[in-house]
Amino acid sequence: MVSNIRRATLLYPYRAFHNQVFNEKVILFFFIPPLVNLLFLALLPTITKLWGGFFTWFLAKMGFNDAVGYIDYQLVTVNFSLPYIDLYADLPTFTIWWSFFVLSLVILLISGRVPEPYTPLKYFLRAFVFLLTSSLFYFYFFSNSFPYNIPLYSRDGLLQIISLCLITPWVFGFTYYIFSYNFINKIVITLLTLLFLVIGGALQVLTSSWLINVFSLIVVPCMYIFFGLLINVFAIVAFYAYGVSIEKVFFVRDEF
Amino acid sequence: MLWSIGLITFTFLFYSLPFLPGYIEYKLKTDALPLAVNVDPTVVEYLLRSFRAFILRNFLAKLTKINLDSKTVDGKFSNGMEYQINCDKGLLSKLPSVKVLILCRDVTLPDNTVIQRVYAQQNLNTGKYNKFFSLYAEHSLYINSFSIIQNIAFSGNELTIAENCQLFGFLKAGKRICLNKKNKFQCIVSPIIFFGDCFYSLSDDIKFPKVFFEQVHKIDILDDYTFTADKIHQHHYVFRKKVIIPDHCEIIGNIKSYDDIKIGKNVKIFGSIISEKNIDIDDKSFILGPIVTNKNIHLLGKDIKIGTQVFPTSVIANFINIDHSAVIFGAILARYSGVFA
């Protein structure tokens, strides 16, 4: 009945009086980011090869044969062939343009009916509508001058993923390693984040490319802003949040 | 087409993975609650006694001597913690930057100060906007408005708390505690606890029934139930669903419910109330035994009385909301937070 009456021990103060514990030997942990970077660079040719193989196999299943191309890159001393998706994206037709116009109106109306506790969702939807409307405006007046296509989009997407994989250990170094969390947890969270970015990045690029192929270039701005870098950064923050909350590392503030 | 739908679905699910812990937290709000009070009054009692014994063992001779001289002495404990023994009478113009302040006369502390532990041999008045880790006064203790007590406040006699204080941890007084409005609290132990009206009449107008609990039978009720108003009921009750106790009811026996319990005006319950959910109590009701719930207790009405001077009791809930004046004899434990609005 009263199962959640806790077994009494000492009196703990309110959590607002807790301080995060800084690691005294923080400098020692800064060997992790360069090591993770080196590991990633060593695996990069294999990763890009796997990306290429995955794109080829999946696109063939979707009915697109020979739709993957490769472009050679050099990063520091690592040479690798970066795959890109060679699908054709059309300019929006009359039907697609008006469909998206109606869709933007519908989302705008829905955003007005979002209940107050979900206010962030309301702003997200309105930002999406704003972007979609600007895209509609652009393609109505200047559609022929749009510089992007699917090969460029997919290549840039994968380059973004590679950049994020190189930056993330350093971001964690300055914001996560400095606290006294378990060393193994730090390594695991960092590697999990990179693994997520490598797998998720490929899925994201492939999905976006297919959507652009189906719905024309009009969706490129939305894909780029909302389902590209932004969602990946959210994912990194989510992993970070998981890392810092998986174990409680704090002490009771001695001074107020 | 199947592969395309599969791709979108899989990508969506894969990108949902890192947000899953956040979503679970958003729904269950396990960390959004303040930390539950993890308190055993005996442990607190032990800590208080130890603190007092330590102070007296180490400083009694000094206190007497310094008190006679009316002067101030600074020193350090063996662990390096600084203390000051202050025997100036009246208002301290400025607090010293020590961690332990020992006062041997009636003192009013200045406003806007922060100090860890204060021990007062006499009465102690704190200033406004102060923060303390613990306060110990041998006689009366007055905590002024907008103060924050982080751990313990103890008074050997009367403890009065002004408005807008945040009282984390444990409050105890030897005689009585009086809380004014707009206070937040967690655990209070005192023979008498006044909420709001500190001059509430304690004259007992409650006539106790001459019935032994052993003679009262247990009744198990499966559906929602409303008692008959203006009547005396002599049973122990176990309710599986909601229960409403209307105005002017008198129940001699314990009540246990797996759902909400609503208690009307002028109800008298000579027994305990245990609920898995919320308990609402209205004007001028009296409950003799302990009130324990796994959720919230709302003392919505005026002049609610819980326990008596002869039979002190306890009120335990996750959240306790008190809207009007109430008197509780015994202890209150709000596992997460108690608010006297």
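Note that this is a predicted model, so its numbers are computed, not measured. Values below: every heavy atom of this structure, side chains too, minus hydrogens, waters and symmetry copies. Here is how names work: the chains are called A, B, and so on, in the same order as the sequence lines, proteins then strands, and each is numbered from 1.
- Aromatic rings of Tyr176(A) and Tyr181(A) (six-membered ring for Trp) have centroids within the 6.0 Å cut-off, being under it.
- The neighbour count for Tyr242(A) OH, taken as heavy atoms of other residues, nucleotides or ligands under 6.0 Å away, does not exceed 12.
- For residues 151-175 of chain A, a heavy-atom distance under 4.5 Å to chain B picks out no residue at all.
- Both the backbone and the side chain of Ile199(A) come within less than 4.5 Å of a heavy atom of chain B.
- With a threshold of 4.5 angstrom between heavy atoms, Leu206(A) approaches chain B through its backbone and through its side chain.
- Side chain of Asp111(B) to backbone of Lys128(B): a donor-acceptor contact under 3.5 angstrom is found.
- In this structure, the portions of Ala235(A) lying under 4.5 Å from any heavy atom of chain B include both its backbone and its side chain.
- The aromatic rings of Phe146(B) and Tyr129(B) sit parallel, their planes meeting at an angle under 30°, below the 60° perpendicular limit.
- More than 12 heavy atoms of other residues, nucleotides or ligands lie within 6.0 Å of CZ in Phe226(A), so this atom counts as buried by the packing criterion.
- Contact count versus chain B (heavy atoms, under 4.5 Å) is highest, among Asn232(A), Leu203(A), Leu192(A), for Leu203(A).
- Atom NZ of Lys184(B) sits in a sparse spot, with 12 or fewer heavy atoms from other residues, nucleotides or ligands closer than 6.0 Å.
- More than 12 non-hydrogen atoms from other residues, nucleotides or ligands lie less than 6.0 angstrom from CG of Asn65(A).
- One N or O on the side chain of Gln186(B) and one on the backbone of Gly169(B) form a donor-acceptor pair closer than 3.5 Å.
- For Phe58(A), the part lying near chain B is the side chain, with the backbone staying farther off; criterion is any non-hydrogen pair under 4.5 Å.
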